[in-house]
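Here's the structure, in structure tokens; my notes come after.
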Amino acid sequence: MEISTKRRVKVYELGDDSAWKDKGTGYCVCMFYEDKEELDLLVRSEEENTPILLNSKVVKGDVYQKQQETLIVWTEPDGQDLALSFQEAEGCAEVWDMIMDMQKRLPDPPIDPNSSEFFQDSADSSITLPPPELSNLPEIEAIVKQVGRFVYGRDNLVSYVIQEKYIDKLLPLLEICEDLDDIKDLHILCNIMKGLILLNENAIFEYIVQDNVILGVVGMLEYDPDYPNAKAQHREYLANNSKFKQIVPIKDPTVESKIHQTFRLQYLKDVVLARILDDNTFSILNSLIFFNHVDIVNHLQHDHEFLKQLFGILDNAAESSERKRDVIFFVQQFCAISKNLQMMSRSGLYRALSQHGLFCIFDYSLPDPDSSVRIVGAEILCSILDHDPNLVRSYILAQVKQSRKPLIETVIERLIADEDIGVKVQYAELIKVLLDTSSGFGEHSLTGPAEALMQQKNDPEANELLTLFYDRFIKQLFAPILSLDDYKDDEQELAFDVTQSALYFHLCELMCLFIRAHTFRSKYFVLSTNIGSKFVTLFKSRDKHLKLAALRFIRTCVGMKDEFYNKHLVQFNLFAPVVNALMETGDRDNLVNSACLELFEFIRKENSANLVNHIVKEFGQRLEEIDYVETFKLLQRRYEQNLDSTNTNAAVVSNIESDSTRSSRQPGQSAWESSTLDEDEEAYFNTSDDDEGTDQSGTDSPSSNISPIPSDDKLKPNGSLVNYSDEEDDSSAVVVPTAEDAESENSANKGEKRPRSEDSPDGTCNEKKLKEDGENDKSVNGDSNHQDIDILKEAEILTEKAKELTGE
């Protein structure tokens with residue numbers, strides 16, 4: 001019977017996405033049935049010919065909530081969340097009072113032994129499961145599922161399962177169901193095992209990975225009810241004993257057992273339970289695997305007899321190549337699991353392995369004809385370098401002292417000779433890590449070459465390795481590049497195969513790294529071998545990535561802001577291939593075009609005077625054709641500003657010289673009647689450094705106060721020239737020194753004029769040129785990074801190198 005007035009409401013239902021969905025608008029009434037002692041909430045839609053929106057029976061319990069005066073929210077016995085939103089607060093209050101009154105009349109329901117109340121009230125009581133029989137499987141499934149939803153009683157259930165060895169008792173049911181081909185019960189067994197595993201207890205996992213249990217457990221998990229038509233083969237995979245190879249027998253049975261358990265845990269995590277794992281289960285499995293790894297590594301690294309026998313296989317000529325490869329794969333897995341260990345544990349492991357012959361592996365793995373073995377050898381070396389590069393460097397230096405073939409030479413040979421592209425990548429990465437003794441000192445780092453040089457000096461071992469590399473192996477490494485012909489404009493497009501392209505690309509990357517990290521050593525190599533003329537040959541390749549690699553070499557040299565490199569690029573016209581590549585791209589918006597434009601934009605903004613003058617003079621007319629960017633118009637303007645500044649400074653210096661000459665004339669002598677001016681000036685420029693500024697009688701000549709006119713490449717961008725950092729500064733005024741400044745500068749610079757030496761005809765840098773450029777670099781280079789380097793000391797090192805090469 002209807003006992004309440006109709007109240008207009010909206011019915012809402014909570015969806016799977018946790019969002020409330022509007023089911024419709026209607027009128028709510030409360031229907032009370034005396035014979036059943038029931039109260040139903042009934043909502044009829046306000047639209048005609050539509051079904052009832054809601055018919056809910058009021059039940060006992062804390063399932064109803066009143067919110068915001070007009071809202072009643074509750075959860076149905078099946079778990080569905082519903083809500084009634086009343087139009088008026090009065091109607092909401094009336095229905096709420098009826099619900100509360102009905103709940104008082106209803107008797108308390110019996111407590112379900114599988115409900116949360118039961119576990120909460122009986123948290124300390126024991127929980128039992130029905131006997132493991134086929135008829136009880138549905139009941140067992142329901143209890144395990146119910147316990148898994150609540151915290152209360154979970155520990156008791158785990159204790160019961162472990163103490164009673166309940167899983168052992170379930171295993172015979174798997175065989176019975178398979179014999180009867182009872183798929184339904186097999187699906188129930190799978191759900192029971194999933195529920196036990198998802199209790200997320202270490203004891204359960206440690207129990208199911210035992211030798212006599214694991215096959216039955218994964219056998220149950222093969223029959224997943226979510227995939228009734230598919231059956232996995234977990235037992236077949238785990239039962240295959242051929243996957244467990246003991247190269248050297250492990251005498252401790254506990255460690256051997258942990259190895260097997262770790263493999264099974266890994267298989268459960270990655271294969272069997274991958275689809276159903278939650279975060280807690282995933283974390284527990286990872287923790288168990290981690291601690292097993294720690295125990296295994298700690299035991300084996302201190303088992304000297306085991307390590308001695310393991311690496312002794314490599315030195316035994318009677319052993320087969322198959323067993324030697326097994327040793328290599330074992331060490332690779334050993335290094336792989338050590339990556340998850342703490343730093344101290346890894347250090348102890350690698351030190352222990354190196355003392356027993358770890359590096360002997362590379363003598364067999366890197367030259368192995370099987371590419372998979374070579375890859376494994378490279379991975380082992382990468383693991384060691386990632387952790388402790390100095391360990392490998394020490395071994396290489398020890399090999400040299402013992403007159404043995406160094407490991408770095410083997411890596412270089414394999415990089416050049418190996419046909420596998422993937423292995424080449426690993427070898428190139430090995431060389432990078434091995435020779436990058438100044439990590440973090442690069443083109444875009446906050447520190448510069450001075451800090452890189454200082455770090456090399458503070459690490460004698462790294463410095464010794466670099467000296468060894470540049471003395472013996474750098475030409476071997478770059479021999480493929482040095483064998484290329486010089487760049488020619490009329491040369492046809494070059495076609496390299498995949499292996500050659502990969503090799504040239506990696507060599508370009510290595511050269512860029514060496515230029516940034518190795519300071520004077522790489523500078524001497526680049527200038528003495530003229531390798532830049534070989535790199536730019538790659539612009540003729542039809543592979544775009546090789547063109548970009550060659551361009552990266554030019555960009556790295558320019559980015560160093562070093563006049564050594566700038567003069568080298570200008571002298572051998574290494575910008576011609578860049579301009580040609582830019583013109584070939586036309587106005588296409590691609591990577592080659594953008595990279596070339598970025599190079600010229602960088603030169604313009606940095607205002608490298610020599611480079612700006614060279615580019616505009618040599619390629620100005622061709623670059624004027626490019627009108628889709630403003631870079632080259634601004635570059636032409638920069639050139640004109642530099643030229644105007646040079647002329648202005650020359651005029652100022654000329655006036656200062658005239659004033660100085662006028663003051664030295666005899667009374668009555670006109671400005672154009674000085675008969676000794678030309679001879680004295682000519683004598684000044686022809687004198688040597690030792691005789692400069694002093695005549696034979698020991699008195700200063702009249703021309704000794706004349707400041708020489710600086711050449712274009714001696715103008716300081718931060719001094720007499722304005723340093724234009726951006727195009728907005730193009731209209732800045734030129735700073736002109738006063739006569740007093742020039743007089744003081746003349747007196748300070750007296751005796752410092754040095755005659756310029758020309759580059760050697762063959763394109764290499766000679767001793768005199770290196771030393772002169774080292775001294776002049778202080779006045780030419782405006783880069784703040786180079787101000788911290790002792791250029792004279794660097795020039796002395798380069799000079800010694802030149803003497804060694806020339807035999808002087």
Review point. Is the backbone N or O of Val209 less than 3.5 Å from a side-chain atom of Arg264, with the two atoms forming a donor-acceptor pair by type?
Key: yes
Check your understanding: Within the side chain of Lys424, is there an N or O that forms a donor-acceptor pair under 3.5 Å with the backbone of Leu415?
Key -> yes
Check your understanding: Between Arg414 and Asp418, is there a side-chain N and carboxylate O pair less than 4.0 Å apart?
Key -> yes
Check your understanding: Between Lys405 and Gln399, what is the shortest heavy-atom contact and its length?
Key -> O-NE2, 3.3 Å
Check your understanding: How long is the gap from CD on Glu178 to CG on Leu180, to the nearest 0.5 Å?
Key -> 10.5 Å
**Study point:** Validation row: Leu189, Cys177 side chains within 4.5 angstrom (heavy atoms)
**Key:** yes
Exercise for review: Check whether any side-chain N or O of Asn200 sits under 3.5 Å from a backbone N or O of Asn280 as a donor-acceptor pair, and report yes or no.
Suggested key: no
**Study point:** Main-chain N/O of Asp388 paired with Tyr350 side-chain donor or acceptor, under 3.5 Å
**Key:** no
Point to revise | Student check: side-chain heavy atoms of Ile167 and Ile162 closer than 4.5 Å | key: no
Exercise for review: Could you please spell out the steps behind the side-chain hydrogen bond (donor to acceptor under 3.5 Å, both in side chains) verdict for Ser257 and Gln261?
Suggested key: CA-CA 6 Å; Ser257 176; Gln261 291 178 9; 3.2 Å; yes
Review point. Are any non-hydrogen side-chain atoms of Ile431 and Leu434 less than 4.5 angstrom apart?
Key: no
Check your understanding: Tyr470 and Ser522: which non-hydrogen atoms are nearest, and at how many Å?
Key -> OH-CB, 3.5 Å
Review point. Taking 4.0 angstrom as the limit, do Lys251 and Asp303 come out as a salt bridge?
Key: no
Exercise for review: Could you give me the CA-CA distance, side-chain angles and deciding distance for Asp386 and Lys339, then say whether salt bridge (Lys or Arg N to Asp or Glu O under 4.0 Å) is met?
Suggested key: CA-CA 10 Å; Asp386 289 341; Lys339 291 181 179 179; 5.8 Å; no
Check your understanding: Under 30°, 30 to 60°, or over 60°: which ring-plane class applies to His356 and His304, parallel, tilted or perpendicular?
Key -> parallel
Exercise for review: Evaluate whether atom CD of Gln342 has more than 12 neighbouring non-hydrogen atoms of other residues, nucleotides or ligands under 6.0 angstrom away.
Suggested key: no
**Study point:** Residue pair Tyr237, Val271: steps toward the side chain to side chain contact (heavy atoms under 4.5 Å, CB included) verdict
**Key:** CA-CA 11 Å; Tyr237 182 82; Val271 181; over 6 Å; no
Check your understanding: For the side chain to side chain contact (heavy atoms under 4.5 Å, CB included) test, which of Ile276, Ile208, Ile192 pairs with Ile197?
Key -> Ile208
Practice item. Return the orientation label for the Phe478 and Phe525 ring planes: parallel under 30°, perpendicular over 60°, tilted otherwise. Key: tilted
Review point. Is there a donor-acceptor contact under 3.5 Å from the side chain of Glu222 to the main chain of His234?
Key: yes
Check your understanding: Short question: side chain of Ser283, backbone of Asp279 - any donor-acceptor pair under 3.5 Å?
Key -> no
Exercise for review: Please answer whether the main-chain N or O of Ile361 pairs with a side-chain N or O of Ser365 as donor and acceptor at a distance below 3.5 Å.
Suggested key: yes
Check your understanding: Can you list every ring pair (Phe, Tyr, Trp, His ring centres under 6.0 Å) pair that touches residues 393-427, not counting sequence neighbours?
Key -> Phe359-Tyr395
Check your understanding: Where do Asp270 and Gln266 land on the side-chain hydrogen bond (donor to acceptor under 3.5 Å, both in side chains) test, with the steps shown first?
Key -> CA-CA 6 Å; Asp270 295 338; Gln266 194 80 40; 3.0 Å; yes
Exercise for review: Evaluate ring pair (Phe, Tyr, Trp, His ring centres under 6.0 Å) for Phe514 paired with Phe469, printing each intermediate quantity in order.
Suggested key: CA-CA 11 Å; Phe514 295 165; Phe469 173 72; 5.5 Å; yes
**Study point:** Derivation and outcome, side chain to side chain contact (heavy atoms under 4.5 Å, CB included), residues Glu509 and Arg552
**Key:** CA-CA 8 Å; Glu509 292 292 310; Arg552 195 175 300 117; 2.2 Å; yes
Exercise for review: Look only at the side chain of Arg374 and the backbone of Pro367, and say whether a donor-acceptor pair between them is shorter than 3.5 Å.
Suggested key: no
Practice item. Any chance you could measure Asp368, atom CG, to Arg325, atom CZ, to the nearest 0.5 Å? Key: 4.0 Å
Practice item. Kindly indicate, with the supporting measurements, whether the criterion side-chain hydrogen bond (donor to acceptor under 3.5 Å, both in side chains) is fulfilled by Ser347 and His387. Key: CA-CA 8 Å; Ser347 298; His387 173 68; 3.0 Å; yes
Exercise for review: Please report the closest heavy-atom contact between Phe362 and Leu358, naming both atoms and the distance.
Suggested key: CE1-O, 4.4 Å
Practice item. Return yes if some donor-acceptor pair links the side-chain N/O of His302 with the main-chain N/O of Asn298 below 3.5 Å, else return no. Key: yes
Point to revise | Six-ring centre of Tyr223, Lys231 cation under 6.0 angstrom, axis tolerance 45° | key: yes
Review point. Between Ser338 (side chain) and Cys335 (backbone), is there a donor-acceptor pair under 3.5 Å?
Key: yes
Exercise for review: List the atom of Leu196, the atom of Val144, and the distance in Å for their closest heavy-atom pair.
Suggested key: N-CG1, 3.9 Å
